[in-house]
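Below: the structure, in structure tokens.
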Amino acid sequence: MAGTSSQPRHERAAGVGTTRAVWSRDFGLFFVARAIARLGDAMLPVALAAGLLQHGYGAGAVGLAMAATAAAFAGLVVFGGVLADRFSTRRLMIGADLVRLGTQALAAALFFSGHVVLWQICAIGFVNGVAGAVFQPGVASTVPRLASDIQGANGAIRVAESAAQLAGPAAAGLLVGFASPGGVFAAHATTYGISALCLLLLRLPPLAPGRRVVVGGGTKAFRADLVEGWREFRSRRWLWSVIAVWGVYMIAVWGPTVPLVATEVVQEHGPRAYGLVNSALGAGTVAGGLLALRLRPLRMLRAGAIALVGFAAFPASVGAGLGVPAMATGAAVAGAGMSFWGVMWATSVQTQVPPDVLNRIHAYDVAGSLAMMPVGQALAGPAASAIGADQVLLVAGATSFAVCAALLLIPAVRGLVRVDPAAAGSERTAATPEPSRAEKC
């Protein structure tokens, strides 16, 4: 199992020379970039639904437009990981933001003009997905370069993104009500512009000494990097084991929970109740991020898997037909558990994987984590028709327990010892402007 230094693992365990440095000018810029972009992304579903329904399209068209983005992202993010390991991650992320600034501005113009054609919206969504696939892998390697306290940095970003996820739909609803769906798309384009500006002002410290220099170009070299990333991914049992278990989680838990909870709560208690439950879920994710800022478990994945047990309360409370207060409580517990697990997982990947292949490993992680979610969502409807939505949600709750138990039963997962963030940080020199050739080679 590779770490970020040759220092013995027991010397890199928590509590040995740990520094808690998170906040700096450059991390603050990255923090703002991630928060503002997530705010815009949270506004998008409202804009798409309101805009397409206003122009005579149905719910299927909204799903198709969202699927175009998801398909492009999931299908190409692995290739984005190769690009991020070969070129400047900051410049790739800026370029991706500028592309999405242009596409969302174009979508705003279409909605303002009243000339909305579904294939055009889907094409814009597809381009956004491609840009997201280029952007996302670089996030993994940027956090360790900006903060020596990697867990604290991930926790702070998770809190900001969760808060933005809460505020986004509300802001979009206000814009739709007082302006139009085009106004939401214009605001979304602006968030990408702000993100690009923050990243432009950002200065990354030099890469760690001894980093592998990428040489060669063309299809053969690109394929070799892709294969190397897969080899590194397979060599870490804790990594691929979690992704394999997560595939089951996406199919049997997360995939059916999202659409069926919405349907059941709205039908039984009305849209206001669903808004309350959804807000409780978001508040729980904020709480989980704050908790991850405080707790420093030695075995991070074991602690994260235990916290993830709390997610079972969400589908189980809805499936059991409990009242709105109980469902909201279950949603808050679920959000906290999921958020805490997310910080533990992201920090483990960023500290256990060498920087040479981190972007590619993160890309395989993202692709593997998301691949099964559409399957779970697609099976939710037929399963609900066959045995009832409440039964499917109860099964999802029980499966959530089983998934957490499976994670804890894998020795490589439950026994993974944290890497001291200071050890990762010691490989970086003091923060200075990013050299243009060092990272582009």
Within the structure provided, determine whether F73 and V130 are in side-chain contact (heavy-atom separation under 4.5 Å). no

Could you pull out all residues at least two apart from F79 that satisfy side-chain contact (heavy atoms from CB on, under 4.5 Å)? L76, F222, L226

Side-chain contact test, heavy atoms from C-beta onward, threshold under 4.5 Å: evaluate it for M344 versus R418 and give yes or no. no

Let me confirm one number: the CZ-OG distance from F31 to S24, rounded to the nearest 0.5 Å. 12.5 Å

Provide the closest heavy-atom pair for A412 versus W238 in the form atom of the first, atom of the second, distance. O-CB, 3.3 Å

Output the distance between atom NE2 (H362) and atom CG (N359), rounded to the nearest 0.5 Å. 8.0 Å

V245 and I410: side-chain contact (heavy atoms from CB on, under 4.5 Å), yes or no, with the steps? CA-CA 10 Å; V245 173; I410 301 171; 4.1 Å; yes

As an exercise, state the distance from CZ of R91 to CG of L98, rounded to the nearest 0.5 Å. 13.5 Å

Please output the side-chain donor-acceptor pairs of residues 105-118 that fall under 3.5 Å, not counting sequence neighbours, one pair per line with the distance.
unit_1, atom_1, unit_2, atom_2, d
S113, OG, A109, O, 3.2
S113, OG, L110, O, 2.9
S113, OG, H115, N, 3.2

The reported gap from CE in M300 to CD in Q151 (rounded to nearest 0.5 angstrom) is 4.0 Å

Main chain of G282, side chain of T285: is a donor-acceptor contact present, judged purely on distance under 3.5 Å? yes

Quick one: CG on L83 to OG on S88, what's the gap to the nearest 0.5 Å? 12.0 Å

Around R237, counting heavy atoms of other residues, nucleotides and ligands shown, do more than 12 lie under 6.0 Å from its CZ? no

Can you name the closest pair of heavy atoms from G289 and S339 and give their distance? N-OG, 3.1 Å

Between Y364 and W240 (judged by ring centroids, cut-off 6.0 Å), do the two rings come close enough to count as a pair? no

For F340 versus A307, what's the shortest heavy-atom pair and its separation? CD2-CB, 3.6 Å

Between T257 and A396 the two heavy atoms that sit nearest each other are OG1-CB, 4.0 Å

Any side-chain heavy atom of W23 within less than 4.5 Å of one from L146? no

Does R414 reach the main-chain N or O of L408 with its side chain, forming a donor-acceptor pair under 3.5 Å? yes

Check whether S162 reaches the backbone of R158 with its side chain - one donor and one acceptor, N or O, closer than 3.5 Å. yes

With A331 via side-chain contact (heavy atoms from CB on, under 4.5 Å) - residues at least two apart: V277, A280, L281, F314

Would R360 and E232 pass as an ion pair if we require N to O under 4.0 Å? no

Just to verify, what does I243 make a side-chain contact (heavy atoms from CB on, under 4.5 Å) with, not counting sequence neighbours? F233, W345, D365, S369

R302: what forms a salt bridge (charged side-chain N to carboxylate O under 4.0 Å, His left out) with it, not counting sequence neighbours? none

For P354 and R236, work out which heavy atoms get closest and say how close. CD-NH2, 3.1 Å

Tell me whether the centres of the aromatic rings in F311 and W254 are closer together than 6.0 Å. yes

Result block: side-chain N/O donor-acceptor pairs under 3.5 angstrom for residues 188-199, not counting sequence neighbours:
unit_1, atom_1, unit_2, atom_2, d
H188, ND1, Q104, NE2, 2.9
H188, NE2, G40, O, 3.4
H188, NE2, D41, OD1, 3.1
H188, NE2, Y192, OH, 3.3
T190, OG1, A186, O, 2.9
T191, OG1, H188, O, 2.5
Y192, OH, D41, OD1, 2.7
S195, OG, D97, OD2, 2.6

Nearest non-hydrogen partners of I121 and A65, listed with the distance: CG2-CB, 4.2 Å

Side-chain heavy atoms of L202 within contact of M93, under 4.5 Å: no

Decide side-chain contact (heavy atoms from CB on, under 4.5 Å) for R100 and V127; before the verdict, give the C-alpha distance in whole Å, the side-chain angles of both, and the deciding distance to 0.1 Å. CA-CA 8 Å; R100 290 181 288 187; V127 174; over 6 Å; no

Stepwise side-chain contact (heavy atoms from CB on, under 4.5 Å) check, L293 with V343: CA-CA 9 Å; L293 284 170; V343 174; over 6 Å; no

N/O donor-acceptor pair under 3.5 Å between N128 side chain and T69 backbone: no

CA sep, side-chain torsions, deciding dist, call: H55, L52, side-chain contact (heavy atoms from CB on, under 4.5 Å): CA-CA 5 Å; H55 285 82; L52 289 176; 5.8 Å; no

With a 4.5 Å heavy-atom cut-off, do L204 and T89 have their side chains touching? yes

Between CZ of R90 and OG1 of T142, what distance do you get to the nearest 0.5 Å? 10.0 Å

Should R299 and V417 count as side-chain neighbours, where that means a heavy-atom distance under 4.5 Å? yes

Would you call the rings of Y249 and W246 parallel, tilted or perpendicular, taking 30° and 60° as the class edges? parallel

